[in-house]
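Heads up, the thing below is written out as structure tokens.
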Amino acid sequence: MMQQPGPGGAMLPQQPPPPQQYQQPPYMMMMPPPPMAQTQPPPPHMWAQHQAHQASIPPPQQQQGQGQPPATADEVRTLWIGDLQYWMDENYIASCFAHTGEVASVKIIRNKQTSQIEGYGFIELTSHGAAERILQTYNGTPMPNGEQNFRLNWASFSGGDKRDDSPDFTIFVGDLAADVTDFMLQETFRAHFPSVKGAKVVIDRLTGRTKGYGFVRFGDESEQLRAMTEMNGAFCSTRPMRVGLASNKKAVVGQQYPKASYENPQPQNDGDPNNTTIFVGNLDSNVMDDHLKELFGQYGQLLHVKIPAGKRCGFVQFADR
DNA sequence: AATGAGCGT
């Protein structure tokens, strides 16, 4: 359990303490030795670098002090956090939001064998509103003492807010300048293409720095296609972008999360040792039975391939496992 | 130059 603000003089709406955190980083003591020579030690400097996050989002009218409504049992209040470096442990993450007084718990996922931080974790807040606030306020803003931005999202199995089943049409964007963020990339495209759903700049997890490329997702296929020609060479930040088709034609096998790509299909089963049928989801609308036959035929003898009419998923049955 | 990862007890 993290430190909570007391139930609080219920009468007195209190402002959270000024963002004067990190005066004594408790986790400096707890930093594990670099587990491997090639991983970089945390930058040992600049605690105060946390620049004020965009002040554009006014705090919701909900006041801190007047007793948070007790979170109901099923209230969604867990965020996912990613792109973590190995030294970003629970204490560090908690300290990033400690001044909000709204952190209930933090769990960073570690490798079972090595106990190395896997690069993501979960932040439970005291309420759904708190989670939403922190997501809106911090996502994409610089992490304190990290040369990277927060990557936050709703924890997916907690329900989250967005349930968007519509397909994505994704492009690859290369040649990105070092300062390009998800938001910049997204807005650069959204200015011309309203169907832009989001963008992601790929971050090297070991360094926290951009890999110089990313992806932009469109809701509208025609905008995706236009963007590939019209935006090639357009500037984002200081450099012209190179735009191309995202090579991942994103057929995903399984349901909730991509387990395999179109290029790298990984049959997945439900634990039934006799099941020789795999499910293929997220197909582009123009994918036909024959595409699946060709794609999966190289892995074994096929008995049957079926994409039900009008569906964006299908089934591939093999003669054996 | 480079074509992600990112959901736990």
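Throughout, a chain's letter reflects where its sequence line sits, starting with A, and its residues are numbered from 1. Note that the coordinates shown come from a computational prediction; the quantities given were computed from them, not determined experimentally. Heavy-atom basis, side chains included; hydrogens, waters and symmetry copies ignored.
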Is the base of B:dG6 syn or anti, if syn means a glycosidic angle within 90° of 0? anti
Among B:dG6, B:dA5, B:dG8, the one nearest A:Lys211 by side-chain distance: B:dA5
Would you indicate which nucleotide in B:dT9, B:dA5, B:dG8 comes nearest to any side-chain atom of A:Ala155?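 Closest nucleotide to the A:Ala155 side chain: B:dG8.
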Rounded to whole Å, how long is the line connecting atom [atom1] of [X] with atom [atom2] of [N]?
{"X": "A:Ile203", "N": "B:dG4", "atom1": "CD1", "atom2": "C1'", "value": "11 Å"}
{"X": "A:Asn153", "N": "B:dG4", "atom1": "CG", "atom2": "P", "value": "20 Å"}
{"X": "A:Arg242", "N": "B:dT3", "atom1": "CZ", "atom2": "C1'", "value": "9 Å"}
{"X": "A:Ile109", "N": "B:dG6", "atom1": "CD1", "atom2": "P", "value": "12 Å"}
{"X": "A:Arg151", "N": "B:dC7", "atom1": "CZ", "atom2": "P", "value": "13 Å"}
{"X": "A:Tyr213", "N": "B:dA5", "atom1": "OH", "atom2": "C1'", "value": "10 Å"}
{"X": "A:Ile108", "N": "B:dG8", "atom1": "CD1", "atom2": "C1'", "value": "11 Å"}
{"X": "A:Phe122", "N": "B:dG8", "atom1": "CZ", "atom2": "P", "value": "6 Å"}

When all nucleic acid strands are considered with a 4.0 Å heavy-atom cut-off, which category describes A:Gly212: base, sugar-phosphate, or nothing? base
Does A:Phe215 lie flat on the base of B:dG4, that is, centres under 5.5 Å apart and planes under 30° off? yes
Can A:Tyr120 be called stacked on B:dG6 when the rule is centres closer than 5.5 Å and an angle between planes below 30°? no
What I want to find out is whether [X] reaches [Y] closely enough, with some N-O distance under 4.0 Å, to be called a salt bridge.
{"X": "A:Arg205", "Y": "A:Asp83", "result": "no"}
{"X": "A:Glu221", "Y": "A:Arg226", "result": "no"}
{"X": "A:Arg110", "Y": "A:Glu118", "result": "no"}

Would you mind writing out the side-chain donor-acceptor pairs for residues 231-245 of chain A within the sub-3.5 Å range, not counting sequence neighbours?
from	atom 1	to	atom 2	distance (Å)
A:Asn232	OD1	A:Val243	N	2.8
A:Ser237	OG	A:Asp179	OD1	2.7
A:Ser237	OG	A:Asp179	OD2	2.9

Assign each of A:Arg205 and A:Phe172 to its nearest nucleotide of DNA chain B by heavy atoms, then name whichever residue's nucleotide is nearer the 5' end.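 Taking each residue's closest nucleotide, the earlier one in sequence belongs to A:Phe172.
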Tell me who clusters with A:Phe172, hydrophobic residues only, linked when side chains sit under 4.5 Å apart either directly or through other members. A:Val202, A:Tyr213, A:Phe215
